[in-house]
Student: 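Please see the structure below; I have some questions.
Residue numbers begin at 1 in each chain, while the letters A, B, ... track the order of the sequences. Worth saying up front: this structure is predicted, and the values here are computed from it rather than measured.
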Amino acid sequence: MEIERISRNAVRFSGVCFDPQLVLIDSAQVFHWRAEGPAFEGVSGGRTARLTPEGDGFLLEKCADGEETYWTRYFDLTRDYEALRRDAALCPAALEALEKLPGMRILRQPAWEALVAFIVSANNNVGRIRRIVRALIDELGENGAFPTPGILAAAGEEKLRRLGCGYRAPFLIGSARMVAEGFSLESLAEISYEEAHAELLRLPGVGDKVADCVQLFGLGQSEAFPVDVWVERAMRQWVAPEARNKKEIRRAAHALFGDSAGLIQQSLFHCARMGLISLDAPQKNA
DNA sequence: CTCCAGGAACCGT
DNA sequence: ACGGTTCATGGA
């Protein structure tokens with residue numbers, strides 16, 4: 001990959017396999033990016049970006065000097081995905097899913113942003129999650145930024161319910177309060193997967209599934225394997241038909257896929273949800 | 001009308 | 001530890 005600064009606020013990335021429509025919009029690992037014609041606009045960590053596909057890379061605008069390192073990390077552009085794919089070889093369906101999605105990446109979002117989005121995601125659908133996260137940014141964030149823990153902790157429960165959060169409103173406020181009062185999300189990236197998982201379970205609105213999403217999309221812990229209804233169907237069909245619950249599915253995934261479990265999960269999830277691979281259960285579209 | 005969605009909290013056993 | 005119930009919300 002090459003990075004070339006072409007103006008005071010624009011950078012060109014080239015020689016990188018990255019599908020922004022898939023990663024930023026369709027694969028539902030982040031919910032607030034928007035497609036604007038051929039471009040994609042989003043915010044993270046108090047920064048704004050406008051990304052336009054271009055040849056074997058993309059143009060990144062609204063990117064001040066020095067910010068390219070932030071986005072390189074956010075888009076996970078330096079990891080060698082080919083090496084990870086070897087771990088899928090034991091499962092033909094997983095290998096098929098990976099090879100259908102060559103431009104897939106696992107985002108490294110700020111853990112706080114992933115936490116908020118995936119508390120909202122609980123027992124919800126992708127369309128509504130997008131609408132709610134967008135409302136949180138537009139109605140609560142300061143000049144278009146992602147709302148901080150302090151802002152969310154101080155937002156009234158009624159306000160969050162009006163934005164569509166439903167019964168998750170008190171979970172968001174409770175978790176925001178713990179983070180605002182010192183629960184260090186980012187430091188969880190420095191401890192083991194199991195330890196970080198146990199810590200995350202202390203937050204209201206966070207169970208095994210949401211914890212794994214925060215670990216995968218927000219802490220860079222690539223062995224995290226979130227088991228939602230789609231991944232459960234796919235895993236029961238191809239990998240672990242005898243699994244009695246989601247925890248056993250997660251253990252089977254760790255045993256089979258190791259540190260590549262996260263990328264494989266994300267590919268299985270997307271392919272199953274979009275009907276790109278066959279499932280016994282009836283399929284649906286976006 | 002019922003069923004479903006990137007589930008978690010809460011309650012029994 | 002494990003299984004069942006309930007929890008907003010909106011689209012199909």
Side-chain angles (χ1 to χ4, degrees), chain A residues 22-33 97 101 104 106-107 109 111 113-136 139 155-176 178 197-219 221 224-236 242-251 253 261-277 279-286:
Chain A
L22 174 64
V23 174
L24 300 174
I25 308 288
D26 295 339
S27 74
Q29 49 183 307
V30 66
F31 300 93
H32 64 273
W33 283 76
L101 308 173
M104 180 66 86
I106 301 297
L107 293 176
Q109 305 170 50
E113 296 177 9
L115 175 66
V116 171
F118 283 97
I119 288 176
V120 170
S121 81
N123 195 24
N124 211 338
N125 61 66
V126 172
R128 269 193 87 238
I129 298 164
R130 285 200 185 102
R131 198 171 57 73
I132 294 168
V133 174
R134 171 51 55 188
L136 292 175
E139 299 292 323
E157 178 177 333
E158 279 312 308
K159 172 70 171 177
L160 296 187
R161 286 183 180 272
R162 277 196 299 277
L163 298 181
C165 296
Y167 62 86
R168 310 165 193 85
F171 299 157
L172 283 172
I173 292 172
S175 281
M178 286 179 63
H197 195 84
E199 280 298 300
L200 286 166
L201 293 183
R202 295 171 46 211
L203 297 166
V206 178
D208 283 330
K209 160 65 169 59
V210 171
D212 272 326
C213 287
V214 173
Q215 294 182 264
L216 182 58
F217 305 125
L219 293 173
Q221 294 180 328
F225 192 87
V227 180
D228 74 325
V229 294
W230 294 104
V231 171
E232 179 174 11
R233 287 169 195 158
M235 290 290 285
R236 281 189 191 286
E242 75 290 353
R244 294 187 301 106
N245 52 49
K246 293 182 177 180
K247 197 174 292 287
E248 289 190 5
I249 291 175
R250 194 170 51 141
R251 278 200 292 112
L263 175 65
I264 292 168
Q265 179 276 155
Q266 187 58 16
S267 301
L268 281 176
F269 166 76
H270 181 75
C271 286
R273 192 170 79 90
M274 294 299 166
L276 299 177
I277 51 180
L279 282 178
D280 292 336
Q283 298 169 13
K284 294 179 68 175
N285 297 320

Student: Mind checking what makes salt bridge (Lys or Arg N to Asp or Glu O under 4.0 Å) contact with Arg134(A), not counting sequence neighbours?
Tutor: Asp138(A)
Student: Scan nucleotides 2-6 of chain C against the protein and return all N/O pairs shorter than 3.5 Å with their distances rounded to 0.1 Å.
Tutor:
none

Student: Tell me, for nucleotides 7-13 of chain B in 5' to 3' order, what letter each nucleotide earns: B for a base near a protein heavy atom under 4.0 Å, S for only sugar-phosphate near one, - for neither?
Tutor: BSS----
Student: Given atom CZ of Arg131(A) and atom P of dG10(C), what is their separation to the nearest angstrom?
Tutor: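 Computing the Arg131(A):CZ to dG10(C):P distance gives 6 Å.
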Student: How many Å lie between CZ on Arg162(A) and P on dT9(C), as a whole number?
Tutor: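 Distance, rounded to whole Å: 12 Å.
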Student: In chain order, what residues pass the ring-ring contact (aromatic ring centres under 6.0 Å, His included) check against Phe118(A), with sequence neighbours excluded?
Tutor: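 In terms of ring-ring contact (aromatic ring centres under 6.0 Å, His included), with neighbours along the sequence ignored, Phe118(A) is linked to Phe31(A), Phe217(A).
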Student: Using a strict 4.0 Å threshold on nitrogen-to-oxygen distance, state whether Asp208(A) and Lys246(A) make a salt bridge.
Tutor: no
Student: Taking only residues two or more places apart in sequence or in another chain, which ones pass salt bridge (Lys or Arg N to Asp or Glu O under 4.0 Å) with Arg162(A)?
Tutor: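 Salt bridge (Lys or Arg N to Asp or Glu O under 4.0 Å) check on Arg162(A) returns nothing, list empty.
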Student: How many whole angstroms separate atom CG of Leu163(A) from atom C1' of dA8(C)?
Tutor: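 About 14 Å, once rounded to whole Å.
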Student: Check side-chain contact (heavy atoms from CB on, under 4.5 Å) between Ala97(A) and all other residues, then give those that pass, not counting sequence neighbours.
Tutor: Ser267(A), Leu268(A), Cys271(A)
Student: Would you please name every residue forming a salt bridge (Lys or Arg N to Asp or Glu O under 4.0 Å) with Arg251(A), sequence neighbours left out?
Tutor: none
Student: For a quick check of understanding: with a heavy-atom distance under 4.0 Å over all strands, which category does Glu232(A) fall into, base, sugar-phosphate or nothing?
Tutor: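 Nothing, no heavy atom under 4.0 Å.
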Student: His270(A): what forms a ring-ring contact (aromatic ring centres under 6.0 Å, His included) with it, not counting sequence neighbours?
Tutor: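 His270(A) satisfies ring-ring contact (aromatic ring centres under 6.0 Å, His included) with no residue once adjacent residues are dropped.
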Student: How is Ser27(A) classified with respect to the nucleic acid when contacts are heavy atoms under 4.0 Å: base, sugar-phosphate, or nothing?
Tutor: base
Student: Sequence neighbours excluded, which residues qualify as side-chain contact (heavy atoms from CB on, under 4.5 Å) partners of Gln221(A)?
Tutor: Tyr193(A), Ala196(A), Gln215(A), Leu219(A), Glu223(A)
Student: May I have the distance from Arg250(A) (atom CZ) to dA1(C) (atom P), rounded to whole angstrom?
Tutor: 13 Å
Student: Can you tell me the distance, in whole Å, between the CZ atom of Arg161(A) and the P atom of dC7(C)?
Tutor: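 Interatomic distance, CZ of Arg161(A) to P of dC7(C): 12 Å.
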